[in-house]
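Step one of this worksheet: look at the structure below.
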2 protein chains.
Amino acid sequence: METKKILNDYKLKSTPCRSEVLQLLISNEHALSHSDIETKIDDSHDRVTVYRTLKSFLSKGIIHKVLDDEGITKYALCHECSKEEHHHEHVHFKCEHCGQTQCLDNVKIPDIALPQGFKSKEKNVLIQGLCNQCNN
Amino acid sequence: METKKILNDYKLKSTPCRSEVLQLLISNEHALSHSDIETKIDDSHDRVTVYRTLKSFLSKGIIHKVLDDEGITKYALCHECSKEEHHHEHVHFKCEHCGQTQCLDNVKIPDIALPQGFKSKEKNVLIQGLCNQCNN
DNA sequence: CTGTGTGCAAACACTTTGCAGGTGT
DNA sequence: ACACCTGCAAAGTGTTTGCACACAG
(Lines give C-alpha, C1' and ligand atoms only; values in the text may rest on other atoms or scores of the structure.)
Protein backbone atom coordinates (compact mmCIF):
# COMPACT_ATOMS: atom_id res chain seq x y z
CA MET A 1 0.00 0.00 0.00
CA GLU A 2 1.76 3.04 -1.29
CA THR A 3 -0.96 5.32 -0.02
CA LYS A 4 -0.65 4.06 3.53
CA LYS A 5 3.03 4.85 3.54
CA ILE A 6 2.46 8.33 2.20
CA LEU A 7 -0.24 9.06 4.73
CA ASN A 8 2.00 7.84 7.51
CA ASP A 9 4.81 10.00 6.22
CA TYR A 10 2.59 13.03 6.46
CA LYS A 11 1.26 12.04 9.86
CA LEU A 12 -2.26 11.35 8.75
CA LYS A 13 -4.15 8.30 9.84
CA SER A 14 -4.76 5.85 7.07
CA THR A 15 -8.46 5.47 6.40
CA PRO A 16 -10.41 4.05 3.48
CA CYS A 17 -11.57 7.43 2.24
CA ARG A 18 -8.14 9.01 2.40
CA SER A 19 -6.50 6.05 0.71
CA GLU A 20 -9.00 6.03 -2.07
CA VAL A 21 -8.81 9.76 -2.75
CA LEU A 22 -5.04 9.71 -2.61
CA GLN A 23 -4.84 6.74 -4.93
CA LEU A 24 -7.10 8.52 -7.37
CA LEU A 25 -4.94 11.62 -7.36
CA ILE A 26 -1.78 9.57 -7.77
CA SER A 27 -3.08 7.66 -10.74
CA ASN A 28 -4.57 10.67 -12.45
CA GLU A 29 -2.39 13.04 -14.37
CA HIS A 30 -5.00 15.80 -14.41
CA ALA A 31 -6.22 18.04 -11.65
CA LEU A 32 -9.54 16.89 -10.25
CA SER A 33 -12.38 18.88 -8.79
CA HIS A 34 -14.26 17.83 -5.70
CA SER A 35 -17.13 16.60 -7.85
CA ASP A 36 -14.77 14.70 -10.17
CA ILE A 37 -13.46 12.91 -7.15
CA GLU A 38 -16.87 12.28 -5.71
CA THR A 39 -18.04 10.52 -8.84
CA LYS A 40 -14.90 8.43 -9.19
CA ILE A 41 -14.64 7.00 -5.72
CA ASP A 42 -16.82 4.64 -3.80
CA ASP A 43 -20.30 6.01 -3.15
CA SER A 44 -20.09 5.06 0.48
CA HIS A 45 -17.91 8.06 1.26
CA ASP A 46 -19.77 11.14 2.29
CA ARG A 47 -19.35 14.37 0.35
CA VAL A 48 -18.33 16.11 3.55
CA THR A 49 -15.66 13.58 4.30
CA VAL A 50 -14.13 14.15 0.89
CA TYR A 51 -14.03 17.88 1.55
CA ARG A 52 -12.30 17.27 4.84
CA THR A 53 -9.94 14.79 3.27
CA LEU A 54 -8.90 17.31 0.65
CA LYS A 55 -8.50 19.97 3.29
CA SER A 56 -6.22 17.77 5.34
CA PHE A 57 -4.14 16.90 2.27
CA LEU A 58 -3.85 20.59 1.43
CA SER A 59 -2.77 21.56 4.90
CA LYS A 60 -0.10 18.85 4.93
CA GLY A 61 1.14 19.86 1.50
CA ILE A 62 0.37 16.56 -0.20
CA ILE A 63 -1.71 18.32 -2.83
CA HIS A 64 -2.18 21.86 -4.07
CA LYS A 65 -5.09 23.84 -5.42
CA VAL A 66 -5.45 24.56 -9.08
CA LEU A 67 -7.95 27.20 -10.17
CA ASP A 68 -9.21 27.06 -13.68
CA ASP A 69 -10.46 29.95 -15.75
CA GLU A 70 -13.99 29.68 -14.43
CA GLY A 71 -12.93 29.68 -10.82
CA ILE A 72 -13.50 25.97 -10.37
CA THR A 73 -11.27 24.60 -7.65
CA LYS A 74 -9.31 21.52 -8.60
CA TYR A 75 -6.66 19.56 -6.80
CA ALA A 76 -3.44 17.95 -7.91
CA LEU A 77 -0.54 16.18 -6.28
CA CYS A 78 2.51 18.20 -5.35
CA HIS A 79 5.14 16.47 -7.43
CA GLU A 80 7.87 18.96 -6.73
CA CYS A 81 7.34 19.58 -3.07
CA SER A 82 9.05 17.86 -0.24
CA LYS A 83 7.48 17.92 3.18
CA GLU A 84 9.65 20.87 4.08
CA GLU A 85 9.81 22.92 0.97
CA HIS A 86 7.08 23.91 -1.40
CA HIS A 87 7.40 24.98 -5.01
CA HIS A 88 4.41 25.81 -7.08
CA GLU A 89 6.00 28.03 -9.62
CA HIS A 90 4.85 25.94 -12.51
CA VAL A 91 2.28 26.64 -15.17
CA HIS A 92 -1.22 25.20 -15.19
CA PHE A 93 -2.83 24.37 -18.47
CA LYS A 94 -6.49 23.97 -19.26
CA CYS A 95 -7.52 22.43 -22.55
CA GLU A 96 -10.52 24.12 -24.03
CA HIS A 97 -11.40 21.01 -25.98
CA CYS A 98 -11.33 18.23 -23.40
CA GLY A 99 -11.74 20.54 -20.42
CA GLN A 100 -8.96 18.89 -18.47
CA THR A 101 -6.56 20.90 -16.37
CA GLN A 102 -3.03 19.78 -15.71
CA CYS A 103 0.20 20.89 -14.11
CA LEU A 104 3.05 21.49 -16.51
CA ASP A 105 5.66 20.78 -13.90
CA ASN A 106 8.48 21.44 -16.28
CA VAL A 107 7.30 24.82 -17.41
CA LYS A 108 8.53 27.42 -14.98
CA ILE A 109 7.00 30.84 -14.63
CA PRO A 110 9.34 33.51 -15.94
CA ASP A 111 10.18 36.56 -13.92
CA ILE A 112 7.83 39.42 -14.50
CA ALA A 113 8.92 42.97 -13.78
CA LEU A 114 6.37 44.87 -11.71
CA PRO A 115 5.96 48.64 -11.41
CA GLN A 116 7.77 50.57 -8.71
CA GLY A 117 6.58 49.71 -5.23
CA PHE A 118 5.04 46.33 -5.93
CA LYS A 119 6.50 43.27 -4.33
CA SER A 120 5.81 39.83 -5.76
CA LYS A 121 5.54 36.86 -3.44
CA GLU A 122 3.60 34.31 -5.40
CA LYS A 123 2.78 33.82 -9.03
CA ASN A 124 0.06 31.85 -10.65
CA VAL A 125 -0.22 31.17 -14.35
CA LEU A 126 -3.06 29.51 -16.19
CA ILE A 127 -2.76 28.95 -19.90
CA GLN A 128 -5.70 27.87 -21.99
CA GLY A 129 -5.60 26.29 -25.39
CA LEU A 130 -5.26 22.82 -26.81
CA CYS A 131 -3.41 20.06 -25.02
CA ASN A 132 -1.15 17.57 -26.71
CA GLN A 133 -3.97 15.02 -26.87
CA CYS A 134 -6.51 17.31 -28.50
CA ASN A 135 -4.21 19.29 -30.77
CA ASN A 136 -3.99 17.44 -34.02
CA MET B 1 -23.71 61.51 -18.09
CA GLU B 2 -20.65 59.62 -19.21
CA THR B 3 -22.22 56.30 -18.34
CA LYS B 4 -25.22 56.90 -20.54
CA LYS B 5 -22.97 57.55 -23.50
CA ILE B 6 -20.97 54.41 -22.87
CA LEU B 7 -24.08 52.29 -22.52
CA ASN B 8 -25.45 53.72 -25.75
CA ASP B 9 -22.17 53.02 -27.47
CA TYR B 10 -22.41 49.40 -26.48
CA LYS B 11 -26.07 49.20 -27.41
CA LEU B 12 -27.36 48.70 -23.91
CA LYS B 13 -30.32 50.60 -22.58
CA SER B 14 -29.45 53.11 -19.95
CA THR B 15 -31.08 52.17 -16.68
CA PRO B 16 -30.44 53.29 -13.10
CA CYS B 17 -28.83 50.02 -12.07
CA ARG B 18 -26.54 49.83 -15.07
CA SER B 19 -25.48 53.44 -14.73
CA GLU B 20 -24.71 53.06 -11.08
CA VAL B 21 -22.71 49.86 -11.49
CA LEU B 22 -20.82 51.26 -14.44
CA GLN B 23 -20.05 54.48 -12.61
CA LEU B 24 -18.74 52.49 -9.68
CA LEU B 25 -16.45 50.44 -11.90
CA ILE B 26 -15.21 53.55 -13.67
CA SER B 27 -14.36 55.37 -10.50
CA ASN B 28 -12.72 52.40 -8.84
CA GLU B 29 -9.22 51.38 -9.75
CA HIS B 30 -9.56 47.93 -8.23
CA ALA B 31 -11.48 44.93 -9.42
CA LEU B 32 -14.74 44.50 -7.55
CA SER B 33 -16.65 41.35 -6.66
CA HIS B 34 -20.38 41.08 -6.97
CA SER B 35 -20.75 41.54 -3.24
CA ASP B 36 -18.42 44.56 -3.23
CA ILE B 37 -20.69 46.10 -5.80
CA GLU B 38 -23.83 45.15 -3.99
CA THR B 39 -22.74 46.91 -0.83
CA LYS B 40 -21.57 50.02 -2.60
CA ILE B 41 -24.60 50.76 -4.69
CA ASP B 42 -28.12 51.75 -3.81
CA ASP B 43 -29.94 49.08 -1.82
CA SER B 44 -32.94 49.32 -4.05
CA HIS B 45 -31.25 47.26 -6.75
CA ASP B 46 -31.88 43.58 -6.55
CA ARG B 47 -28.97 41.17 -6.26
CA VAL B 48 -30.20 39.36 -9.33
CA THR B 49 -30.29 42.51 -11.38
CA VAL B 50 -26.69 43.20 -10.51
CA TYR B 51 -25.74 39.72 -11.68
CA ARG B 52 -27.54 40.32 -14.94
CA THR B 53 -26.01 43.74 -15.31
CA LEU B 54 -22.53 42.31 -14.91
CA LYS B 55 -23.33 39.56 -17.35
CA SER B 56 -24.50 42.03 -19.96
CA PHE B 57 -21.38 44.15 -19.47
CA LEU B 58 -19.23 41.06 -19.83
CA SER B 59 -20.92 39.94 -23.00
CA LYS B 60 -20.51 43.38 -24.55
CA GLY B 61 -16.87 43.55 -23.55
CA ILE B 62 -17.22 46.58 -21.28
CA ILE B 63 -15.69 44.69 -18.38
CA HIS B 64 -13.69 41.52 -17.89
CA LYS B 65 -13.48 38.89 -15.19
CA VAL B 66 -10.63 38.78 -12.76
CA LEU B 67 -10.16 35.67 -10.66
CA ASP B 68 -8.22 36.00 -7.48
CA ASP B 69 -6.25 33.28 -5.76
CA GLU B 70 -9.24 31.99 -3.84
CA GLY B 71 -11.42 31.72 -6.89
CA ILE B 72 -13.44 34.80 -6.06
CA THR B 73 -14.80 36.34 -9.22
CA LYS B 74 -14.18 40.05 -9.58
CA TYR B 75 -14.85 42.47 -12.37
CA ALA B 76 -12.87 45.33 -13.83
CA LEU B 77 -13.22 47.70 -16.75
CA CYS B 78 -11.54 46.81 -19.99
CA HIS B 79 -9.19 49.73 -20.40
CA GLU B 80 -7.35 48.33 -23.35
CA CYS B 81 -10.20 46.89 -25.32
CA SER B 82 -12.07 48.60 -28.07
CA LYS B 83 -15.49 47.36 -29.02
CA GLU B 84 -13.94 45.31 -31.78
CA GLU B 85 -10.73 44.04 -30.32
CA HIS B 86 -10.02 42.55 -26.95
CA HIS B 87 -6.72 42.34 -25.15
CA HIS B 88 -6.43 40.87 -21.74
CA GLU B 89 -2.85 39.87 -21.78
CA HIS B 90 -2.01 41.91 -18.75
CA VAL B 91 -1.10 40.82 -15.27
CA HIS B 92 -3.48 40.87 -12.32
CA PHE B 93 -2.14 41.65 -8.91
CA LYS B 94 -3.64 40.83 -5.54
CA CYS B 95 -2.25 42.47 -2.46
CA GLU B 96 -2.10 40.10 0.45
CA HIS B 97 -2.22 42.97 2.90
CA CYS B 98 -5.17 45.07 1.74
CA GLY B 99 -6.81 42.26 -0.19
CA GLN B 100 -7.42 44.42 -3.25
CA THR B 101 -7.01 43.06 -6.74
CA GLN B 102 -6.03 45.25 -9.64
CA CYS B 103 -5.11 45.12 -13.30
CA LEU B 104 -1.56 46.04 -14.09
CA ASP B 105 -2.41 47.16 -17.58
CA ASN B 106 1.17 48.02 -18.39
CA VAL B 107 2.62 44.71 -17.38
CA LYS B 108 2.37 42.32 -20.29
CA ILE B 109 2.54 38.59 -19.95
CA PRO B 110 5.77 37.24 -21.40
CA ASP B 111 5.77 34.39 -23.84
CA ILE B 112 5.98 31.03 -22.18
CA ALA B 113 7.28 28.04 -24.10
CA LEU B 114 5.03 25.02 -23.81
CA PRO B 115 5.95 21.38 -24.35
CA GLN B 116 5.57 19.78 -27.76
CA GLY B 117 1.97 19.52 -28.88
CA PHE B 118 0.45 22.17 -26.65
CA LYS B 119 -1.12 25.21 -28.20
CA SER B 120 -1.63 28.36 -26.16
CA LYS B 121 -4.61 30.56 -26.86
CA GLU B 122 -5.08 32.55 -23.69
CA LYS B 123 -2.91 33.34 -20.74
CA ASN B 124 -3.85 34.43 -17.29
CA VAL B 125 -1.42 35.61 -14.66
CA LEU B 126 -2.13 36.44 -11.06
CA ILE B 127 0.66 37.74 -8.88
CA GLN B 128 0.27 38.05 -5.16
CA GLY B 129 2.35 40.15 -2.84
CA LEU B 130 2.34 43.71 -1.58
CA CYS B 131 0.95 46.56 -3.62
CA ASN B 132 2.56 49.97 -3.86
CA GLN B 133 0.25 51.30 -1.15
CA CYS B 134 0.97 48.58 1.39
CA ASN B 135 4.67 48.02 0.69
CA ASN B 136 6.58 50.40 2.88
C1' DC C 1 -8.14 3.93 25.36
C1' DT C 2 -7.97 8.32 23.30
C1' DG C 3 -7.98 11.44 19.80
C1' DT C 4 -9.14 11.85 15.29
C1' DG C 5 -12.10 10.72 11.30
C1' DT C 6 -16.73 9.86 9.62
C1' DG C 7 -21.71 10.31 8.44
C1' DC C 8 -25.77 12.82 8.73
C1' DA C 9 -28.45 17.00 9.02
C1' DA C 10 -28.48 21.53 8.44
C1' DA C 11 -26.90 25.99 7.37
C1' DC C 12 -24.61 29.22 4.45
C1' DA C 13 -22.79 31.53 0.19
C1' DC C 14 -22.96 32.22 -4.61
C1' DT C 15 -25.28 32.08 -8.92
C1' DT C 16 -28.99 30.95 -12.14
C1' DT C 17 -33.83 30.53 -13.84
C1' DG C 18 -38.93 31.52 -14.57
C1' DC C 19 -42.34 34.56 -14.56
C1' DA C 20 -45.16 38.76 -14.18
C1' DG C 21 -45.01 43.42 -14.35
C1' DG C 22 -42.45 47.95 -15.31
C1' DT C 23 -39.53 51.05 -18.19
C1' DG C 24 -36.46 53.10 -21.83
C1' DT C 25 -36.36 54.42 -26.60
C1' DA D 1 -45.79 50.02 -28.59
C1' DC D 2 -42.55 46.85 -28.09
C1' DA D 3 -38.59 44.82 -26.61
C1' DC D 4 -35.97 44.64 -22.99
C1' DC D 5 -34.99 45.24 -17.98
C1' DT D 6 -36.26 44.50 -13.25
C1' DG D 7 -37.91 42.36 -8.83
C1' DC D 8 -39.36 38.49 -6.45
C1' DA D 9 -39.44 33.65 -5.43
C1' DA D 10 -37.33 29.58 -5.89
C1' DA D 11 -34.03 26.30 -7.05
C1' DG D 12 -29.23 24.59 -8.08
C1' DT D 13 -24.44 24.16 -6.82
C1' DG D 14 -20.46 24.35 -3.87
C1' DT D 15 -18.78 24.48 0.76
C1' DT D 16 -18.83 24.69 5.87
C1' DT D 17 -20.33 23.53 10.69
C1' DG D 18 -22.16 20.85 14.80
C1' DC D 19 -22.78 16.75 16.84
C1' DA D 20 -22.83 11.82 18.02
C1' DC D 21 -20.73 7.67 16.85
C1' DA D 22 -16.86 4.72 14.87
C1' DC D 23 -12.30 3.54 14.23
C1' DA D 24 -6.96 3.66 13.80
C1' DG D 25 -2.95 3.58 16.34
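Every chain is numbered from 1 and lettered A, B, ... according to where its sequence line falls, protein lines coming before strand lines.
Rounded to an integer number of Å, the gap from CG of B:Leu12 to C1' of C:dT23 is 15 Å. The nearest whole Å value for the distance from the NZ atom in A:Lys11 to the C1' atom in C:dG3 is 16 Å. Separating the CD atom of B:Glu70 from the C1' atom of C:dC14 is a distance of 15 Å, rounded to the nearest angstrom. Between the NZ atom of A:Lys55 and the C1' atom of C:dT4 there is a distance of 16 Å, given to the nearest Å. Protein atom NZ of A:Lys74 is 15 Å distant from nucleotide atom C1' of D:dG14, rounded to whole Å. Straight-line distance from the CG atom of A:Asp46 to the P atom of D:dC19: 18 Å, rounded to whole Å. Straight-line distance from the CG atom of A:Asp43 to the P atom of C:dC8: 12 Å, rounded to whole Å. Rounded to whole angstrom, the span from the NE2 atom of A:His45 across to the C1' atom of D:dC23 amounts to 14 Å.
Using modelled atom types, one side-chain atom of A:Ser27 and one backbone atom of A:Gln23 make a donor-acceptor pair closer than 3.5 Å.
In this model, the phosphate group of C:dC14 is not approached by any side-chain N or O of B:Thr73 to a distance below 4.0 Å at OP1 or OP2. Proximity of B:Tyr51 to the phosphate of C:dT16: no side-chain N or O atom is located under 4.0 Å from OP1 or OP2. At D:dG7, one or more side-chain N or O atoms of B:Thr49 fall inside 4.0 Å of OP1 or OP2 (strictly under the cut-off).
Judged by atom type and distance alone, A:Arg52 reaches the base of C:dG7 through a side-chain donor-acceptor pair under 3.5 Å.
Contact of the A:Leu54 side chain with the A:Ile37 side chain is registered, since non-hydrogen atoms from C-beta on lie closer than 4.5 Å. Using a 4.5 Å heavy-atom cutoff, the side chains of A:His92 and A:His64 are in contact.
The existence of a salt bridge linking A:Glu80 and A:Lys108 is confirmed by a sub-4.0 Å separation between a basic side-chain nitrogen and an acidic carboxylate oxygen. A salt bridge links A:Asp9 to A:Lys5: at least one charged side-chain nitrogen sits closer than 4.0 Å to a carboxylate oxygen.
The residue among B:Pro16 and A:Lys13 whose nearest nucleotide of DNA chain C lies closer to the 5′ end is A:Lys13. With the nearest nucleotide of DNA chain D identified for both B:Arg18 and A:Lys4, B:Arg18 has the one nearer the 5' end. With the nearest nucleotide of DNA chain C identified for both A:Ser56 and B:Ser14, A:Ser56 has the one nearer the 5' end.
B:Ser44 comes within 4.0 angstrom of the backbone, heavy atoms only, and of no base.
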